[in-house]
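We use all heavy atoms of the structure for the numbers below, so side chains are in, but hydrogens, waters and symmetry mates are not.
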Amino acid sequence: MKTGKTGTVNSRIKRGDQVVFIAGKEFNRYDSAGKRQPYRGKVIAVDARAAKVKVEGAMIVKKHVKPVPQMNREGGIREQEAWVSISNVALIDPETGKPTRVKYETRDGKKVRVAASGKVVPETGDYRRVSAKKDEEEAAEEEK
């Protein structure tokens with residue numbers, strides 16, 4: 001029996017990054033003038049082990065949800081983003097606004113992501129997943 005890999009898997013695309021589609025269904029979007037405009041959006045989830053990302057507003061699929069009265073969940077048809085291969089998206093260069101590859105460098109003693117133009121890709125701070133409870137607590141503190 002084959003065992004899965006263990007340990008940490010890192011991805012060059014992080015949560016909160018602005019990306020553009022370079023292949024697939026969302027690459028072939030057209031504007032009202034008939035010109036191809038690949039979809040640009042913000043990464044909302046990353047699965048580095050499976051090499052998949054979810055991009056806000058892209059790859060919308062319909063999911064049929066069964067009602068669960070015990071959890072006060074209504075049934076119906078819900079639209080949500082689907083996972084897309086990480087190879088179908090590219091990070092947007094902060095300087096030129098075009099798709100770019102990313103490499104890691106050490107600058108001022110810190111490990112940073114650098115675009116092909118040499119510009120440092122800014123950190124968004126969305127890397128860590130925050131639970132909904134913490135968000136509610138923070139909102140309650142702000143109201144006071």
Pair Tyr104-Val112, side-chain contact (heavy atoms from CB on, under 4.5 Å): steps then yes or no: CA-CA 6 Å; Tyr104 283 95; Val112 292; over 6 Å; no
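With sequence neighbours excluded, the residues satisfying side-chain contact (heavy atoms from CB on, under 4.5 Å) with Asp31 are Ala33, Lys35, Gln37. Under the rule for a side chain to side chain donor-acceptor pair (under 3.5 Å), the partners of Ser85 that lie at least two apart in sequence or sit in another chain are Ser87. In this structure Pro38 satisfies the side-chain contact (heavy atoms from CB on, under 4.5 Å) test together with Val20, Phe27, Arg36, sequence neighbours excluded. Among residues two or more places apart in sequence or in another chain, the side-chain contact (heavy atoms from CB on, under 4.5 Å) test is passed with Ala50 by Asp47, Lys52. Every residue two or more places apart in sequence or in another chain that forms a side-chain contact (heavy atoms from CB on, under 4.5 Å) with Ala51 is listed here: Ile86.
Each salt bridge (Lys or Arg N to Asp or Glu O under 4.0 Å) pair with one or both residues in residues 101-112, not counting sequence neighbours, appears once here: Lys103-Glu105, Glu105-Arg107. Residue pairs meeting the salt bridge (Lys or Arg N to Asp or Glu O under 4.0 Å) criterion with at least one member in residues 82-99, sequence neighbours excluded, do not occur. The side chain to side chain donor-acceptor pair (under 3.5 Å) analysis of residues 65-81, with sequence neighbours excluded, yields the pairs Arg78-Gln80. Applying the side chain to side chain donor-acceptor pair (under 3.5 Å) rule to pairs touching residues 20-30 yields Glu26-Arg29, sequence neighbours excluded.
Using a cutoff of 4.0 Å between basic side-chain nitrogens and carboxylate oxygens, Asp17 and Arg12 are not scored as salt-bridged.
At a threshold of 4.5 Å between non-hydrogen side-chain atoms, the residues Ile22 and Val89 do not count as touching. Contact annotation: the side chain of Arg113 approaches that of Lys14 to within less than 4.5 Å [non-hydrogen atoms, C-beta and beyond].
The hydrophobic cluster around Met71 extends to Val68, counting ILVMFWY residues whose side-chain heavy atoms fall within less than 4.5 Å of a member. The hydrophobic cluster around Val61 extends to none of the other residues, as no ILVMFWY side-chain heavy atom falls under 4.5 Å of it.
At a threshold of 4.5 Å between side-chain heavy atoms, the hydrophobic network of Ile, Leu, Val, Met, Phe, Trp and Tyr places Val114 and Val19 in two separate groups. Cluster annotation: Ile92 is not connected to Val84 through the hydrophobic network of ILVMFWY side chains, with a link wherever side-chain heavy atoms come within less than 4.5 Å.
Here the closest non-hydrogen pair linking Val46 and Trp83 is C-CZ3, 4.1 Å.
For the atom pair NZ (Lys62) and CD1 (Ile77), the distance works out to 6.5 Å, reported to the nearest 0.5 Å.
Not one N or O on the side chain of Thr100 forms a donor-acceptor pair closer than 3.5 Å with the backbone of Leu91.
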